[in-house]
There are 2 protein chains.
Amino acid sequence: MARPAKVEDSVLHTKLSDVFREVGYEGATLAMLSAATGLKKASLYHRFPGGKEQMASEVMAGAETWLIEHILTPLGSKATPAARIATMIRNLDTFYCGGKKACLLNMLSSPSADRGPFANMIKNAFEVWIGALSRALVDAEFDRDTAHFRAERAIALLQGSLVVARGMATTTPFQNCLASLEHELLAPPPSLPSAVATHV
Amino acid sequence: MARPAKVEDSVLHTKLSDVFREVGYEGATLAMLSAATGLKKASLYHRFPGGKEQMASEVMAGAETWLIEHILTPLGSKATPAARIATMIRNLDTFYCGGKKACLLNMLSSPSADRGPFANMIKNAFEVWIGALSRALVDAEFDRDTAHFRAERAIALLQGSLVVARGMATTTPFQNCLASLEHELLAPPPSLPSAVATHV
DNA sequence: GTCTATAGTAAGATAGAC
DNA sequence: GTCTATCTTACTATAGAC
């Protein structure tokens with residue numbers, strides 16, 4: 001081992017992402033990121049001249065790519081709405097490790113007083129996600145308001161189940177959430193009245 | 001103004017709480033806490049010898065007290081289940097400022113690698129909250145599994161709507177959540193089958 | 001009880017050898 | 001591309017006057 005081999009970009013991003021998802025942006029230190037990746041601080045700066053902010057930014061960009069490939073694309077496919085949603089749910093289960101890993105959209109929120117460098121990326125991610133899910137529900141013959149209301153609720157429920165799972169140190173809230181999600185999204189309208197003061 | 005007057009404990013706790021709810025534990029610096037309270041750093045150490053950790057700990061304790069007074073007590077009262085839940089929802093709306101302020105249970109999670117000094121308080125808060133809501137639903141003639149499933153879901157939905165609201169910089173997800181919460185909790189069973197793989 | 005002033009420490013970031 | 005060593009800053013924490 002005269003000369004240390006280059007660490008692959010993909011594994012690097014994954015390792016960094018794991019740290020940010022676990023402790024958030026402010027909680028992540030270069031020492032942690034160094035330990036997690038196996039690269040010394042100076043090496044991280046060679047790869048990310050912008051330092052921690054650039055690392056988090058690229059991790060967020062990676063998450064956006066993942067969202068497009070594993071959520072938005074399936075949701076916009078030509079399969080039945082139920083099948084599209086089922087694919088989304090399967091991919092979410094993998095991505096969040098059954099509820100053991102948190103969501104960057106929550107963990108990277110409001111790092112600094114100006115809502116942070118990732119505020120726009122986070123806002124955009126929520127918007128396109130809700131939008132894509134909403135369109136899948138429109139394809140399932142729901143009216144636009146109901147579809148949007150349910151889509152937003154589903155994303156909130158998902159995020160919240162991860163929060164509760166983390167807080168209670170158990171994955172069951174997340175698993176229960178995923179298990180009921182498809183049925184709930186596609187349940188007949190009267191049961192879940194979207195008409196209840198939907199401020200869209 | 002020869003001698004600065006003592007800052008009241010209650011307002012002190014509120015100001016500190018606001019900072020932690022906005023930027024989390026790691027994100028909060030003594031400079032921020034000093035600016036928010038109007039007390040210099042040394043004064044904060046006089047009040048909280050344990051430093052930032054003690055401040056956050058007392059803030060969490062205050063949140064527990066609030067939870068007991070404004071959530072657990074109403075949920076355990078002798079009013080109708082619908083009335084109890086309505087009271088909870090009203091108090092939540094006030095506490096979270098209509099969705100503008102985040103939840104400590106989320107913002108104080110996992111500050112350090114060992115899940116942090118507040119992990120137990122957070123876990124307990126979720127448990128008693130879900131438990132109390134669940135019992136109110138049992139009083140509304142739901143079976144225990146359904147009650148627990150819906151209670152856990154409601155808390156998750158609430159937490160998630162705050163996450164989404166923060167991420168999207170709008171309060172509507174939270175408002176929609178609160179607006180539909182009572183109806184959803186008390187809706188007749190067939191619409192929200194609790195039988196879907198409830199791992200309690 | 002609050003303050004100014006100052007340690008002490010850990011974090012982010014850089015320089016230059018290999 | 002990675003490393004050791006160092007710099008600089010910002011944060012936590014303390015000492016002692018008022």
Side-chain angles (χ1 to χ4, degrees), chain A residues 1-60 107-108 110-114 116-118, chain B residues 1-60 107-108 110-114 116-118:
Chain A
M1 59 169 72
R3 185 180 282 250
K6 175 179 179 179
V7 175
E8 282 294 333
D9 275 14
S10 59
V11 13
L12 190 51
H13 277 86
T14 304
K15 299 278 180 64
L16 294 175
S17 178
D18 284 344
V19 175
F20 286 120
R21 288 170 75 170
E22 193 168 338
V23 300
Y25 181 77
E26 308 286 353
T29 67
L30 286 180
M32 282 185 205
L33 297 165
S34 171
T37 57
L39 286 178
K40 297 298 179 183
K41 284 191 266 189
S43 304
L44 286 174
Y45 273 98
H46 177 75
R47 298 292 204 66
F48 308 93
K52 192 167 79 159
E53 181 167 326
Q54 186 181 349
M55 295 183 217
S57 188
E58 291 195 18
V59 163
M60 257 305 294
M107 302 306 285
L108 291 185
S110 84
S112 55
D114 62 332
F118 322 112
Chain B
M1 58 170 71
R3 185 181 283 250
K6 173 178 179 179
V7 175
E8 283 293 335
D9 275 14
S10 59
V11 14
L12 190 51
H13 278 87
T14 303
K15 299 277 180 66
L16 293 175
S17 177
D18 284 345
V19 175
F20 286 119
R21 289 171 72 171
E22 194 168 336
V23 300
Y25 182 78
E26 309 286 353
T29 66
L30 287 178
M32 282 184 203
L33 297 165
S34 172
T37 57
L39 286 178
K40 297 296 178 183
K41 286 189 264 189
S43 304
L44 286 174
Y45 274 98
H46 177 74
R47 296 298 230 5
F48 307 93
K52 192 167 80 160
E53 181 167 326
Q54 186 181 349
M55 296 183 217
S57 187
E58 292 196 18
V59 162
M60 257 305 293
M107 301 306 286
L108 291 185
S110 85
S112 54
D114 62 333
F118 322 111

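Chain naming here is simple, since letters A, B, ... match the order of the sequence lines and numbering starts at 1 in each. Every heavy atom of this structure was used, including side-chain atoms; hydrogens, water molecules and symmetry mates were not.
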Between A:Leu108 and A:Tyr25, what is the shortest heavy-atom contact and its length?
CD2-CB, 3.7 Å
Considering only heavy atoms, which members of residues 11-21 of chain A lie under 4.0 Å from some atom of DNA chain D?
none
Between the CG atom in A:Leu16 and the NZ atom in A:Lys52, the distance rounded to the nearest 0.5 Å is 12.0 Å
Winner on side-chain proximity to B:His46, out of C:dT2, D:dT2, C:dC3, is C:dT2
Across nucleotides 10-16 of chain D, 5' to 3', mark each nucleotide with B, S or - according to how protein heavy atoms within less than 4.0 Å reach it.
-SBBBB-
Below 4.0 Å: OP1/OP2 of D:dC3 and any side-chain N or O of A:Ser43:
yes
Sequence neighbours excluded - side-chain hydrogen bond (donor to acceptor under 3.5 Å, both in side chains) pairs with any residue from residues 12-21 of chain B
B:His13-B:Glu58, B:Asp18-B:Lys101
Write down the distance between CZ (A:Phe48) and C1' (D:dG1), rounded to a whole number of angstrom.
13 Å
Give, for atom CD of A:Gln54 and atom CZ of A:Arg47, the distance between the pair rounded to the nearest 0.5 Å.
11.5 Å
Quick one: closest heavy-atom pair of B:Val19 and B:Ala28, and the distance?
CG1-CB, 3.9 Å
For A:Phe20, enumerate each residue passing the ring-ring contact (aromatic ring centres under 6.0 Å, His included) test, keeping only those at least two apart in sequence or located in another chain.
none
Using whole Å, report how far CZ of A:Arg47 lies from C1' of C:dA13.
18 Å
Which atom pairs, donor and acceptor, lie under 3.5 Å between side-chain atoms of residues 35-44 of chain A and protein residues at least two apart or in another chain?
| unit_1 | atom_1 | unit_2 | atom_2 | d |
| --- | --- | --- | --- | --- |
| A:Thr37 | OG1 | A:Leu33 | O | 2.8 |
| A:Thr37 | OG1 | A:Ser34 | O | 3.3 |
| A:Thr37 | OG1 | A:Leu39 | N | 3.2 |

Which residues share a side chain to side chain donor-acceptor pair (under 3.5 Å) with A:Glu53, sequence neighbours left out:
none
